[in-house]
Amino acid sequence: MYCRVIVDIVHENVAKPFTYLIPEGMTLTEGQRVSVPFGAREKEGIVTEVTETCDVAPEKLRSVSCPLEDYAAVPPELMALAEEMAIRAHCPMAETLRLMMPAQMRGGRVRAKTLCTAQLAVAESEARAAMDADRRKGKRFQLLELLISGEAMTVRELAEKVRDPRDALKKLAQDGLIRMSEEEMLRTPEGAFSDTGDPGYELTAGQQEALEEIMPSLQGKGGRFLLHGVTGSGKTEVFMKAVRETLTLGKCAIILVPEIALTPQMVSWFRGRFGTAAAVIHSRLSAGERYDEWRRIRRGEARVVIGARSAVFSPVEKLGLIVVDEEHESTYLNDRHPQYDTRDVAASRCRRENATLILASATPSILSFARARRGDYVLLEMPKRVNDRPLPEVEIADMRKELESGNRTVLSNALRAALKECAGKGDQAILLMNRRGYNSFVSCRSCGYVVKCPNCDISMTYHLGDTDGKLRCHYCGKETPPPAVCPECGGHYIRYFGAGTQKVEEEVRKLLPGVPTVRMDYDTTGTKDGHGKILEEFRSGRARILIGTQMIAKGLDFPQVTLVGVVAADLALNLPDYRSRERAFQLFTQVAGRAGRGRQSGRVIIQTYLPNDPVIGFAARQDYRAFFESEFRRRRNGLYPPFTVLARLLIESSREEAAVRAAENLEEKVRGMTAAHPEWQRKLLTLLKDTPSVKYLKSKHRRHILIKALVSSETDEFFGALTEIAAEGAEGAEIFFEVNPTTMM
Ligand code: ADP
Ligand code: ZN
């Protein structure tokens with residue numbers, strides 16, 4: 001017998017299966033991992049096919065050395081999915097196959113019961129000082145960077161990012177900067193549970209109607225639904241009932257959430273109801289835990305999987321249901337290689353396995369709602385909150401008038417009064433400020449100089465510290481002390497402008513002394529379970545006011561919250577991206593939806609300098625339909641996705657001339673290519689060499705070539721050709737081809 005094997009090397013030259021002989025006495029199946037001789041080395045690979053004959057000359061044929069497990073790590077449905085994704089993303093199948101199993105499984109040793117881990121042994125500041133002093137920026141620097149959060153990482157995880165890290169780790173440990181330890185791995189992450197069989201709430205009429213539409217598809221050949229339910233309409237309960245039915249029918253379910261750390265309530269609801277039948281996959285699982293959860297799923301012990309986007313590849317057998325909750329979130333797009341949209345992968349998997357797909361949101365993406373309207377999904381609407389609770393009242397605070405009347409603070413008089421009233425009643429409030437730090441930039445009054453990061457073309461943000469303040473780059477993390485005099489003109493009038501979460505927190509504390517507040521942003525959630533601790537402070541009622549960036553807008557259900565303030569709506573509206581209106585509407589509506597979920601009704605105040613902007617109006621009325629119609633029309637008229645597809649070739653180089661030259665050559669190549677293909681040319685609307693809005697990032701000079709094209713049957717072929725061009729690379733520069741990237745900066 002023979003088999004075809006995809007060897008685990010991502011390179012164009014080996015992007016095809018190789019044939020091997022199966023030695024006498026060995027049996028293999030499709031999807032099984034094997035060790036095979038490849039060149040002078042042993043490599044891991046995955047069997048794609050077992051055949052009785054082969055057309056390779058016997059003297060050229062080599063034998064499979066051994067299977068790595070005695071079962072197929074990648075079940076047949078996922079093999080087919082990996083193949084389809086490789087074609088769609090124009091990449092070798094070895095790359096998409098890597099998505100189908102825990103990264104730590106590759107290379108083998110994840111089985112070991114003890115794992116060697118490394119952890120920072122000094123304060124973060126000391127580690128940063130060591131990094132700053134390290135002029136070579138070699139392995140030691142990179143390792144410290146990976147460990148800087150203070151979280152332990154296994155040597156295997158580190159070895160995936162830094163080649164052969166062991167010697168460098170030993171030296172760091174000798175210098176006392178890190179601690180190495182052998183750790184016993186827990187076999188189950190959170191102790192024993194069992195399915196509680198809890199039937200849950202009695203459904204409201206809206207929930208009942210939605211579920212009745214979904215039920216037949218679960219029992220039959222699957223279906224596709226878009227569940228559009230306003231905030232607080234009880235979408236989760238609909239999923240849980242659908243999952244219960246799926247389990248009863250002997251099938252499995254996958255529940256996808258934007259980010260596990262931000263949805264602790266969802267996880268505990270599922271845990272409470274399905275016990276150990278539910279596996280939770282999150283980024284904070286150790287290698288061993290992740291491997292064990294994966295095996296529990298593979299063996300069929302866990303039949304409900306909850307996780308972020310990568311959980312869509314869970315090896316469940318008899319898939320019955322995939323739910324994509326908060327389907328509008330951009331975390332569902334994987335921008336890194338291989339590029340994929342989780343919603344499309346889920347749809348493809350469901351189609352292949354006759355399963356049901358439910359996309360759910362209070363603010364569906366324009367793309368999904370347009371598809372539902374076209375009939376690709378069955379649209380299910382839940383326009384009412386549970387128990388007839390009203391949607392919150394939304395008011396707009398005109399910040400121009402505040403300024404006129406002499407109020408120069410970040411809080412309008414209306415919001416100040418509302419906060420006082422809310423705190424006086426003992427209720428809770430949420431304030432959204434979509435920028436972290438204290439001041440957003442620092443500039444010289446005399447010459448206009450703005451302090452920028454030395455590694456990035458981005459102004460630095462001022463952060464308060466425990467003792468003194470620092471300027472910090474939000475892209476590369478670089479920190480510097482704020483300048484006392486202007487480095488440009490020597491002037492003494494250095495001023496601080498713009499506000500962030502720290503400033504809002506300070507204002508609130510001044511306004512309401514003694515009322516406990518918590519702040520949730522990237523800076524306060526870096527430690528292990530940082531999100532969980534902050535949310536618990538708030539949930540328990542110890543903290544009365546939660547201030548945070550967009551991470552507080554998602555799916556949280558706190559019945560005591562009666563007031564929500566959007567402190568600076570314009571930050572979200574003014575971003576130079578065709579999706580900024582969509583994202584702003586989603587953000588305002590979602591955060592507004594956190595108010596009035598309990599017995600008390602809710603109140604929302606949106607602060608803006610653009611009170612007449614239609615998006616603010618739609619959000620204030622929480623009128624999704626009207627927003628959709630207006631945005632859909634705008635996209636059609638402006639030829640934006642979904643009517644077209646946007647892509648770019650991004651060029652990065654440490655030398656500016658190299659980036660410029662590569663961009664010129666690349667543009668010429670692409671022009672030559674489209675000239676040779678009139679069918680591509682006809683659909684091409686834009687082909688433009690340009691400098692991105694951030695022309696220098698993480699010490700790399702950047703240029704890009706923007707491409708806008710009408711969607712057609714040739715798009716795939718055209719993009720395949722562009723992928724190849726990108727893969728060829730350029731002298732002294734790296735090229736990335738991105739289709740509809742989440743950001744074009
Ligand atoms: P959504 O995700 O639609 O914003 P949730 O699923 O978070 O809403 O539900 C809102 C709240 O309503 C939750 O506290 C949930 O426990 C509660 N809830 C859901 N369904 C019912 C029901 N049928 N009866 C009573 N309470 C319910
Ligand atoms: Zn920077």
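Remember, it's 1-based here, ligands and their atoms both numbered in the order they're listed. Keep in mind it's a predicted model, so treat the numbers as computed, not measured.
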- Message: Keeping to distances under 2.8 Å, can you name the protein N/O/S atoms close to the Zn ion (ligand 2)?
- Response: Cys453 SG, Cys456 SG, Cys473 SG, Cys476 SG

Between [X] and ligand 1, find which residue part has any heavy-atom pair under 4.0 Å and reply side chain, backbone, both or neither.
X	value
Thr204	both
Asp557	side chain
Gln207	side chain

- Task: Show your reasoning for whether ring-ring contact (aromatic ring centres under 6.0 Å, His included) applies to Phe497 and Phe441.
- Result: CA-CA 5 Å; Phe497 296 92; Phe441 67 99; 5.3 Å; yes

- Could you label the plane-to-plane angle of the Tyr438 and Tyr462 rings as parallel, tilted or perpendicular, counting under 30° as parallel and over 60° as perpendicular? perpendicular

- Message: Parallel, tilted or perpendicular: which one describes the rings of Tyr696 and His701, with boundaries at 30° and 60°?
- Response: tilted

Would [X] count as a polar contact of ligand 1, with the cut-off being nitrogen or oxygen pairs under 3.5 Å?
X	answer
Leu203	no
Glu237	no
Lys235	yes
Glu202	yes
Arg597	yes
Thr236	yes

- Given the options Glu326, Glu327, His328, Ser361 meets side chain to side chain donor-acceptor pair (under 3.5 Å) only with His328

- Worked verdict on Phe369 versus Tyr377 for ring-ring contact (aromatic ring centres under 6.0 Å, His included): CA-CA 9 Å; Phe369 201 82; Tyr377 307 125; over 10 Å; no

- Message: So for atom CZ, which belongs to Arg495, do other residues, nucleotides or ligands contribute more than 12 heavy atoms lying within a distance under 6.0 Å?
- Response: yes

- Item | Neighbour count above 12 (heavy atom, 6.0 Å) for Lys533 NZ | yes

Short list, please: which atoms of ligand 1 are under 4.0 Å from a heavy atom of [X]?
X	value
Trp269	7 (O)
Thr231	4 (O)
Val230	3 (O)

- Message: Whether Arg472 and Asp523 form a salt bridge (side-chain N of Lys/Arg under 4.0 Å from carboxylate O of Asp/Glu) is what I want to check.
- Response: yes

- In terms of side-chain geometry, is the basic nitrogen of Glu245 or Lys241 positioned less than 4.0 Å from the acidic oxygen of its partner? no

Run the ring-centre check on [X] versus [Y] and record whether the distance is less than 6.0 Å.
X	Y	result
His474	His463	yes
Phe618	Phe588	no
Phe627	Phe585	yes

Look at [atom] and say which protein heavy atom is nearest, naming residue and atom and giving the distance to 0.1 Å.
atom	result
atom 12 (O) of ligand 1	Val386 CG2, 3.4 Å
atom 25 (C) of ligand 1	Tyr201 CD2, 3.5 Å
atom 8 (O) of ligand 1	Gly234 N, 3.2 Å
atom 4 (O) of ligand 1	Gly232 N, 2.6 Å

- Message: I want to check something: taking the side chain as every heavy atom from C-beta on, are Val304 and Ile254 in contact at a cut-off of under 4.5 Å?
- Response: no

- Scan Glu657, Glu656, Glu652 and name whichever one has a salt bridge (Lys or Arg N to Asp or Glu O under 4.0 Å) with Arg703. Glu656

- Does Asp325 have a non-hydrogen atom less than 4.0 Å from ligand 1? no

- Query: Does Ser233 have a heavy atom less than 4.0 Å from any atom of ligand 1?
  - Reply: yes

- Once you round to the nearest 0.5 Å, how far does CZ of Arg224 lie from CG of Asp376? 6.0 Å

